[in-house]
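Scroll down for the structure; my scribbles are underneath it.
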Amino acid sequence: MFKILLIDRCHFTRTGFEAWLNHSGLFPGTFMVTGLNNLFLAREHILHWKPTLVIADLNSFMQDMNDIQQLSSLLIASETLPFILLQSGEVVDKANSIKQYPLWASLSKSTTLEGLATVINDALSTCASYEIPQVATPLLTRQEEKVLTLWMDGASNQVIAGKLSINSKTVYTYKRNIRMKLHMDTRFSPFLSLQEAES
């Protein structure tokens, strides 16, 4: 089973991509796809979940200056992995700054699915010599990912509990589990910049 990390802000793209990988018949084997819309969490998945391949649409992240530092951190963490960048024509100038990092491929978002499948198969064939785990589990549960997303948006425990229809004490437990899984020193870790976290 191959582990693929898909980074895209669009929920429908993430779920559609996972279905395409597992049901199109264009790929050998099966996939566990974790789709994320958060650069901090994506970096942690690369470091701890250790995906076989990363596929990312970073266009919307490049529009937000707050994400630039997290974007650099993500790309540094993924230097040893095949990384496929999907991009649209209107952000080519900003995308050029990404090209300083090793990319397996940089494709236009208008690339055909067959063309994308060829690139993905080529990238996975380079990983074929590695031992492929029989069981792959995501780093965080879906509920923990929802809690982390709301937490990073600044929502209080009560707001998170209300949105997810759970008890606020359960939110506290989720946050503690997230900090342990992501090796966060403090409850403020997701909000620190890279320099602040390292000092």
Side-chain angles (χ1 to χ4, degrees), residues 1-24 26-62 67 70-87 95 98-99 101-107 109 111 113 115-149 152 177-184 189-190 194:
M1 177 178 290
F2 292 103
K3 297 191 290 187
I4 296 182
L5 177 62
L6 175 65
I7 307 166
D8 195 307
R9 282 202 165 141
C10 177
H11 168 76
F12 299 106
T13 299
R14 294 191 310 268
T15 54
F17 195 84
E18 181 174 5
W20 175 68
L21 279 171
N22 283 311
H23 304 293
S24 67
L26 297 172
F27 305 97
T30 57
F31 300 90
M32 168 165 273
V33 180
T34 295
L36 300 172
N37 64 352
N38 179 300
L39 293 179
F40 173 80
L41 188 54
R43 179 182 175 273
E44 294 304 313
H45 268 68
I46 289 169
L47 295 174
H48 302 291
W49 189 57
K50 303 194 184 314
T52 312
L53 172 66
V54 178
I55 301 172
D57 175 0
L58 301 175
N59 294 331
S60 61
F61 296 104
M62 287 187 282
D67 289 328
Q70 287 184 348
L71 184 58
S72 297
S73 178
L74 169 81
L75 292 167
I76 290 168
S78 63
E79 283 182 329
T80 60
L81 299 171
F83 192 104
I84 298 173
L85 177 67
L86 301 175
Q87 60 183 337
I98 291 175
K99 292 183 179 173
Y101 300 97
L103 298 174
W104 180 266
S106 179
L107 302 173
K109 290 186 79 173
T111 300
L113 289 177
L116 179 58
T118 300
V119 173
I120 291 171
N121 278 322
D122 288 346
L124 292 176
S125 68
T126 65
C127 305
S129 61
Y130 296 117
E131 184 178 325
I132 301 169
Q134 294 302 312
V135 177
T137 56
L139 184 61
L140 298 179
T141 66
R142 295 275 186 210
Q143 190 78 333
E144 287 170 342
E145 288 177 6
K146 291 175 188 175
V147 169
L148 181 61
T149 299
M152 291 186 68
N177 292 343
I178 291 166
R179 287 195 309 270
M180 288 173 49
K181 287 181 178 182
L182 300 183
H183 305 286
M184 296 178 185
S189 296
L194 190 59

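As the structure is a computational prediction, the values presented were derived from the model and not from experiment. Positions are given from 1, in the same order as the sequence printed here.
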Only counting residues at least two apart or in another chain, list the ones meeting side chain to side chain contact (heavy atoms under 4.5 Å, CB included) with [X].
X    : result
T149 : N37, D153
H23  : A19
T13  : D8, C10

Sidechain-backbone polar pair: K3 side chain, W49 backbone, donor-acceptor under 3.5 Å: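 Yes: the side chain of K3 pairs with the backbone of W49.
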I'd like to know if the side chain of S24 reaches the main chain of W20, judged simply by a donor and an acceptor atom lying under 3.5 Å from each other, with no hydrogens or angles considered. yes
So, do L140 and L148 sit near enough that their side-chain heavy atoms are less than 4.5 Å apart? yes
Measuring from [X]:[atom1] to [Y]:[atom2], what's the distance to the nearest 0.5 Å?
X    : Y    : atom1 : atom2 : result
T34  : I7   : OG1   : CD1   : 11.0 Å
L74  : H45  : CG    : NE2   : 12.0 Å
L86  : N59  : CG    : CG    : 8.5 Å
L58  : R9   : CG    : CZ    : 10.0 Å
L124 : D122 : CG    : CG    : 9.0 Å

Between L81 and I46, is the side-chain contact (heavy atoms from CB on, under 4.5 Å) condition met? List the steps. CA-CA 9 Å; L81 299 171; I46 289 169; 3.8 Å; yes
Contact summary for [X] and [Y], nearest pair of heavy atoms:
X    : Y    : result
V119 : W104 : O-NE1, 3.7 Å
V33  : R142 : O-NH2, 4.4 Å
L116 : F17  : CD2-CE1, 3.8 Å
L53  : A123 : CD1-CB, 3.9 Å
A77  : L47  : CB-CD2, 3.9 Å
L107 : T111 : CB-OG1, 3.8 Å

Do any pairs count as a salt bridge (Lys or Arg N to Asp or Glu O under 4.0 Å) and have a residue in residues 50-61, sequence neighbours left out, and if so which ones?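 Qualifying pairs, neighbours excluded: D57-K109.
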Run the salt bridge (Lys or Arg N to Asp or Glu O under 4.0 Å) test against E144 and tell me which residues pass, sequence neighbours left out.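 Here the qualifying residues are K181.
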